[in-house]
Amino acid sequence: MAMKKLALFSLLLNLAMFLAIVLAIVPKTTGEGYGGDDDDCGDLLGSDLYKDICPEAEAIIFARVRLAVFQDTRMAASLLRLHFHDCFVNGCDASVLLDDTDNFVGEKTAAPNLNSLRGFEVIDAIKQELEFVCPQTVSCADILATAARDSVVVAGGPSWDVQMGRKDSLTASKALANNIIPGPNSTIGNLVAKFQNVNLSLKDMVALSGAHTMGKARCTTFAARLQDSTNPNGPEASLEFIQSLQQLCSVSDSSTLANLDLATPEMFDNQYYVNLLSGEGLLPSDQNLVTGDEQTRELVETYAQDMSTFFQDFKDSMITLGRLVPFTGTKGEIRRNCRSVN
């Protein structure tokens, strides 16, 4: 009996220590509310929304993200990408999470998303736990924004203030997802236009591209880099790098993956920009940041030399991205299940 009591006490002590660690290291959300042009949306975003109504929210999200990344290191990049693809289409409203139904077509089957976006099951698990603790309180859009931040933190990157108060959309747009989300073969002009279309600057574009310091891409997405072995992207391309990609993608399996960052593929750092200057950008749109425009090249050089500057600019741009909010207050809804409207 004494041994059983001792074992139970040890188990409870370990559990308490784990919870204490989670609550101690979970990134904190602070900062001012959104000051955008749409007061109906902007003035309802803030830092303390869940402080009293669901104080466990951020700790739950962080713990789930950390577990998911521990089980699959690629998941950090996947969750970050989910938030990006969500926000680019009608703002950060969790429209990307909606499943197709008999009378509804969502964004999951759009060309930039099909067989590409991952992490939906992680968001499902977070939402399920939050619905148990504080039902219909935390929106799926806020979960996506917070999970993106936490993914970067878990991978060794910076933390930033996630403002809360987004509502979930009642619909989605496959057409906009097909047309608005930047593609892997985009020129600088095309990239700038698509970022400006959602009020993101050239600097935001280069900083947010740094998310490609993690994750993988299919051979089909960078086929333009494999056209031949004679520097397909100009003098900035690495011949040895291109030939290694040609060998990797020589198999007929279209699902073959390559690391976006060959040097530190599981870490959030500034190695992506170092790679670009060496001609080792995986996607044509990545390498174009060096070859296609003097302004973007200067930013790449700055970030390659100074990781702290990159981290600061990335944080600022993620906050700006997160402010692309179509619904707050009485607009939209808080879904019970992120895959379907209530």
Side-chain angles (χ1 to χ4, degrees), residues 34 36-46 49-50 54 57 61 78-128 130-131 134-148 162-183 193-200 208 318 320-342:
Y34 170 48
D37 294 332
D38 186 347
D39 291 337
D40 289 340
C41 293
D43 61 7
L44 293 178
L45 278 186
L49 179 63
Y50 301 125
C54 191
I61 296 172
S78 298
L79 292 173
L80 181 56
R81 189 162 179 257
L82 260 183
H83 179 53
F84 181 88
H85 280 226
D86 179 45
C87 294
F88 243 75
V89 181
N90 287 329
C92 311
D93 60 0
S95 60
V96 73
L97 301 178
L98 291 172
D99 284 339
D100 289 359
T101 65
D102 292 339
N103 55 5
F104 171 82
V105 177
E107 297 164 16
K108 291 182 177 180
T109 55
N113 301 335
L114 183 63
N115 298 321
S116 177
L117 288 186
R118 307 169 68 245
F120 297 108
E121 70 286 350
V122 179
I123 303 300
D124 290 340
I126 293 170
K127 183 60 173 174
Q128 183 176 16
L130 287 173
E131 284 298 300
C134 33
Q136 255 189 300
T137 301
V138 182
S139 69
C140 300
D142 279 350
I143 292 173
L144 280 175
T146 307
V162 178
Q163 297 166 339
M164 306 293 193
R166 302 166 188 82
K167 289 294 181 66
D168 301 324
S169 69
L170 304 177
T171 187
S173 177
K174 180 178 179 179
L176 281 179
N178 277 324
N179 294 323
I180 289 180
I181 297 173
K194 291 196 171 187
F195 273 77
Q196 286 181 343
N197 185 59
V198 293
N199 296 320
L200 293 171
L208 291 173
M318 285 299 295
T320 301
L321 177 70
R323 288 173 174 168
L324 303 178
V325 181
F327 302 118
T328 60
T330 58
K331 300 177 181 179
E333 68 177 9
I334 296 177
R335 296 182 204 142
R336 299 182 185 91
N337 181 337
C338 291
R339 293 176 179 264
S340 60
V341 298
N342 293 339

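Computed from a prediction, not measured in an experiment: that's the story for all the values here. When reading the values below, keep in mind they use all heavy atoms of this one structure, side chains included, and skip hydrogens, waters and symmetry mates.
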Does any part of the side chain of [Y], heavy atoms only, come nearer than 4.5 Å to the side chain of [X], both counted from C-beta?
X    : Y    : result
I123 : L97  : yes
L117 : R81  : yes
N90  : I180 : no
V341 : E333 : yes
S139 : R335 : no
V325 : K167 : no
L144 : C87  : no
R323 : Q163 : yes

Quick check: does any side chain N or O of [X] sit under 3.5 Å from a backbone N or O of [Y], one acting as donor and the other as acceptor?
X    : Y    : answer
K127 : V138 : yes
T146 : I143 : no
N342 : R336 : yes
T137 : P135 : yes
D99  : S340 : no
D86  : L82  : no

Nearest-0.5 Å distance, [atom1] of residue [X] to [atom2] of residue [Y]:
X    : Y    : atom1 : atom2 : value
R166 : L49  : CZ    : CG    : 10.5 Å
F104 : K174 : CZ    : NZ    : 11.5 Å
C338 : L98  : SG    : CG    : 9.0 Å
L321 : C92  : CG    : SG    : 5.0 Å
F120 : L79  : CZ    : CG    : 10.0 Å
I61  : D142 : CD1   : CG    : 8.0 Å

Step-by-step side-chain contact (heavy atoms from CB on, under 4.5 Å) determination, H83 to V96:
CA-CA 9 Å; H83 179 53; V96 73; over 6 Å; no
Mind checking side chain to side chain donor-acceptor pair (under 3.5 Å) for T101 and listing every partner two or more places apart, or none if nothing turns up?
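Scan of T101 (side chain to side chain donor-acceptor pair (under 3.5 Å), adjacent residues dropped) gives N103.
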Steps toward side-chain contact (heavy atoms from CB on, under 4.5 Å) verdict (D168, D93):
CA-CA 5 Å; D168 301 324; D93 60 0; over 6 Å; no
Could you give me the CA-CA distance, side-chain angles and deciding distance for L176 and I181, then say whether side-chain contact (heavy atoms from CB on, under 4.5 Å) is met?
CA-CA 8 Å; L176 281 179; I181 297 173; over 6 Å; no
Residue pair [X] / [Y]: nearest heavy atoms and the distance that separates them:
X   : Y    : answer
H85 : P112 : CE1-O, 3.5 Å
L80 : A148 : CD1-CB, 3.9 Å
A94 : C140 : CB-CB, 3.7 Å

Over 12 foreign heavy atoms within 6.0 Å of CD, Q128:
no
Results of ring-ring contact (aromatic ring centres under 6.0 Å, His included) for F195 - residues two or more places apart only
F88
So that I can tick it off, tell me whether R339 and D124 are bridged by a salt bridge, with the cut-off set at under 4.0 angstrom between side-chain N and carboxylate O.
yes
Salt bridge check, K108 against D100: does any charged N sit closer than 4.0 Å to a carboxylate O?
no
